[in-house]
Amino acid sequence: MNEIISVYRSLFGYYGPQGWWPLQCNASESGFDARGYHPGSYEFPVSRAEVWEILCGTILAQNTSWTNAEKSLTRLRMNGIASPEHLLGMTADGIASLIRPSGYFNQKSGRLRAFAAYFIGLGGVIPDRGELLALQGIGPETADSMLLYAWKQPHFVVDSYTARIMGRMGILDPDFSAIRSGKRYEHVQKIITKGLDELPAGKIPVFQEFHALLVRNATMHCASRPVCSGCPLEHSCEKRV
DNA sequence: AACCAGGACGTGA
DNA sequence: TCACGTCATGGT
């Protein structure tokens, strides 16, 4: 058992399944968490609306707390313009006024509207990574989030939390400020993907859970100011801070 | 009152 | 390639 898998097992054993990506359009149905999580269920998204909600969420959540991204999603839904077709019918300014809570609303509104047109044009076909990266406002993390959680493709999502946790543990280069620059993102992604490859289970659920678990642990313990006491990774961590 | 949050992009060196 | 500034709201 390699180090990557060891981290995964520790986190999963401690926190359990996270139920990503949360879908608020299902939040009120039985069997779902009040905020749209569905721990232990990996069949989602099923409908086109669910796929679109995730895609929308990945853009809105960029460098923003999920609670703020959720507020924008709710406002879009409550105003009946959550679908890509409805968004296309709006002006960028009209969209911007509704997605204010998730920040960068002037950037995100235009990019979201353009992405709605792109999504409609796809006609249900799953795009490849390079195609997504060519779009305005979609970088490596957002592209991989879309592919992994909306389209169930085996792309591991690397984020600043991943780099922070692995960096402090001594598994990765602790320089996590430049994870997205150059080829470092793909480098880290490759290391983790290769590590998880030894697992017997299917890739998709593991990729989905691992990223969600890293976010969870970064929130509860491995924050910018770490709270190492009680951290499920405490015993195997070098605690480089 | 700074600091951080489920980033991406443009710019100058 | 890189380091840095910009975009912006909301919670602690």
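Below, chain A is the first sequence line, B the second, and so on; all start at residue 1.
If you check B/dA8, C/dA8, B/dG6 against the side chain of A/W21, the one that comes closest is B/dG6. Each of B/dA5, B/dC9, C/dG10 was ranked by its minimum atom distance to the side chain of A/S65; first place goes to B/dA5. With distances taken from any side-chain atom of A/R184 to the nucleotides B/dG6, B/dG7, C/dC2, the minimum falls on C/dC2. If you check B/dA5, C/dT9, B/dC4 against the side chain of A/R164, the one that comes closest is B/dA5. For A/W66, whose side chain is taken as the heavy atoms from C-beta onward, the closest listed nucleotide among C/dG10, B/dA5, B/dG6 is B/dG6. Nearest nucleotide to the A/W20 side chain, out of C/dT9, B/dA8, B/dG6: B/dG6. For A/Q136, the listed nucleotide lying nearest its side chain is B/dC9; candidates were C/dC7, C/dG11, B/dC9.
Note on ring orientation: taking the six-membered ring where Trp is involved, the planes of A/F207 and A/F156 are perpendicular (angle over 60°, cut-offs 30° and 60°). Ring geometry, A/W20 versus A/H211: the interplanar angle exceeds 60°, so the pair is classed perpendicular (tilted spans 30 to 60°).
Look at the P atom in both C/dG5 and B/dG6: the space between them is 24 Å, to the nearest Å. Straight-line distance between the C1' atoms of C/dA8 and B/dC3: roughly 15 Å, to the nearest whole Å. Comparing the same atom, C1', in B/dA1 and in C/dT12 gives a spacing of 11 Å after rounding to whole Å.
Put simply, NZ on A/K108 is 10 Å from C1' on B/dG6, counting in whole angstrom units. Here B/dA8 presents its P atom at 9 Å from CG of A/L133, a figure rounded to the nearest Å. Following rounding to the nearest Å, A/F105 (CZ) and C/dC7 (C1') show an atom-to-atom distance of 10 Å.
In this structure, A/K71 and A/Y104 both approach DNA chain C, and ranking their closest nucleotides by distance from the 5' end singles out A/Y104.
In terms of phosphate contacts, A/T142 brings a side-chain nitrogen or oxygen within less than 4.0 Å of OP1 or OP2 of B/dA8.
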Inset, instruction - Just do the salt bridge (Lys or Arg N to Asp or Glu O under 4.0 Å) check on A/E53 and A/R48 with the steps written out, would you? - result: CA-CA 9 Å; A/E53 184 184 316; A/R48 181 180 189 263; over 6 Å; no
Inset, instruction - Carefully, step by step, assess A/E70 and A/R35 under the rule salt bridge (Lys or Arg N to Asp or Glu O under 4.0 Å). - result: CA-CA 9 Å; A/E70 259 186 330; A/R35 291 181 59 214; 3.1 Å; yes
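For A/W66 and A/W21, the ring centers sit closer than 6.0 Å to each other.
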